[in-house]
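Letters A, B, ... mirror the listed sequences (proteins, then strands); counts begin at 1.
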Number of protein chains: 2
Amino acid sequence: MHKEHSLTKNQQIIFDLIDKSTEPLKAYSILFNVQKKGIKAPLQVYRALDKLVEIGKIHKIESRNAFIACHNSRCQVAKATAFSICEICEKVTEISSAGLSKYLANFKDKDGMKYSKYNLEFFGLCKKCR
Amino acid sequence: MHKEHSLTKNQQIIFDLIDKSTEPLKAYSILFNVQKKGIKAPLQVYRALDKLVEIGKIHKIESRNAFIACHNSRCQVAKATAFSICEICEKVTEISSAGLSKYLANFKDKDGMKYSKYNLEFFGLCKKCR
DNA sequence: TTAGTTATTGTTATAATATAACATTGTGTA
DNA sequence: TACACAATGTTATATTATAACAATAACTAA
Ligand SMILES: [Zn+2]
Ligand SMILES: [Zn+2]
Ligand SMILES: [Zn+2]
Ligand SMILES: [Zn+2]
């Protein structure tokens with residue numbers, strides 16, 4: 001469950017766009033799409049994106065420099081994320097697996113160190129592309 | 001074990017630099033450091049980096065846009081990587097865990113799909129920074 | 001209310017990261 | 001040799017992201 005944050009105007013505009021999208025959106029594509037709503041500069045987009053990531057409403061797909069809305073109720077505050085990415089059609093899906101998140105949250109490295117924050121990106125071919 | 005590839009001149013210069021480095025290096029920092037060896041343009045660096053990633057001699061740390069030499073004998077061909085990243089000092093370590101790689105290689109998503117390629121980045125504080 | 005404080009926004013410029021396009025050179029091989 | 005192919009060199013440009021500073025709006029506390 002996401003903590004309720006009341007979004008500001010720009011944050012709401014940009015979140016709505018990302019949330020409606022069926023694919024991850026890139027910052028400058030977002031910029032292009034919200035210019036008619038008065039958001040004219042990259043920085044306005046990046047500021048909203050930063051905040052939305054911070055509060056867990058969206059995630060950044062690091063290998064693609066793109067942003068996707070969170071649809072994972074298990075995803076507490078954007079600290080532990082996992083995605084599958086199709087290398088052909090670029091479809092991205094957030095993975096919601098109790099087993100996986102438990103395994104990773106409990107994973108200890110050689111030094112016995114545990115990590116509460118991680119990002120995992122799986123690559124392969126989606127159903128359609130196989 | 002890495003398949004032996006004989007590196008070309010530019011690839012060797014750039015690999016040596018990354019391999020000697022104690023921290024991940026960014027492309028333009030690499031460029032700056034190899035200009036005295038005759039590599040003058042970004043593209044020359046990016047081409048070498050692409051190839052080195054492809055053959056598994058280095059990995060890209062996606063969240064940092066930086067490159068690190070592979071020191072993980074378990075790491076077959078750059079298809080399955082895991083790192084820990086200190087959020088204060090930015091120290092990056094490649095994780096070599098039989099358990100982790102086995103778990104992830106066998107992980108199946110909701111649709112029963114398995115992924116042989118993945119990238120995992122853990123975030124936290126290293127020993128020194130704790 | 002009012003002044004002080006902080007978050008958000010707007011704006012211009014610029015930094016940092018990455019690729020396109022094309023000409024040239026080297027390397028292996030039939 | 002002649003062909004194919006990989007690697008290199010070079011210029012220009014595309015894409016992603018932040019710095020710096022001014023102006024507003026929203027929130028607090030006296
Ligand atoms: Zn999520
Ligand atoms: Zn696909
Ligand atoms: Zn490796
Ligand atoms: Zn550290």
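- In this structure, A:Phe107 has its ring center at least 6.0 angstrom away from the ring center of A:Tyr118.
- Spacing between atom CG of A:Asn65 and atom C1' of D:dA14 amounts to 14 Å, rounded to whole angstrom units.
- Taking both residues in full, the closest heavy atoms of A:Gln44 and A:Ile14 are given as O-CD1, 4.2 Å, listed atom of the first, atom of the second, then distance.
- Between the side chains of A:Asp19 and A:His71, a donor-acceptor pair is found at a separation under 3.5 Å.
- As a whole-Å value, the separation of B:Gln44 CD from D:dA7 C1' is 10 Å.
- Rounded to a whole Å, the CD1 atom of B:Ile39 is 12 Å from the C1' atom of D:dA7.
- Map B:Lys40 and A:Arg64 each onto its nearest nucleotide of DNA chain D; the residue landing nearer the 5' end is B:Lys40.
- Within the 3.5 Å criterion, the main-chain N or O of B:Thr8 finds a donor-acceptor partner in the side chain of B:Gln11.
- Rounded to an integer number of Å, the gap from A:Ile61 CD1 to D:dT16 P is 14 Å.
- Residues from residues 25-32 of chain A that place a heavy atom under 4.0 Å from any atom of DNA chain D, listed by number: A:Lys26, A:Tyr28.
- Taking every heavy atom of both residues into account, B:Ile18 and B:Leu25 meet most closely at CA-CD1, 3.9 Å.
- In this structure, the separation between CG on B:Asn33 and NZ on B:Lys20 is 9.0 Å, given to the nearest 0.5 Å.
- What separates CG of B:Leu52 from C1' of D:dA7 is a distance of 13 Å, to the nearest Å.
- Look at CD1 on B:Ile13: it is 15 Å from P on D:dA7, rounded to the nearest Å.
- Along DNA chain C, the stretch of nucleotides lying under 4.0 Å from any heavy atom of chain A spans, 5' to 3', C:dT8 to C:dT12.
- The NZ-P distance, from B:Lys9 to D:dT8, rounds to 7 Å in whole Å.
- If you run ring-ring contact (aromatic ring centres under 6.0 Å, His included) between B:Tyr115 and each of A:Phe83, A:Phe122, A:Phe123, only A:Phe122 comes through.
- Here B:Arg64 does not pair with B:Glu121 in a salt bridge; the nearest charged N to carboxylate O distance is not below 4.0 Å.
- The line from CD1 of A:Ile95 to OG1 of A:Thr81 is 10.0 Å long, rounded to the nearest 0.5 Å.
- In this entry the distance linking CG of B:Asp50 with P of D:dA6 reads 15 Å, nearest Å.
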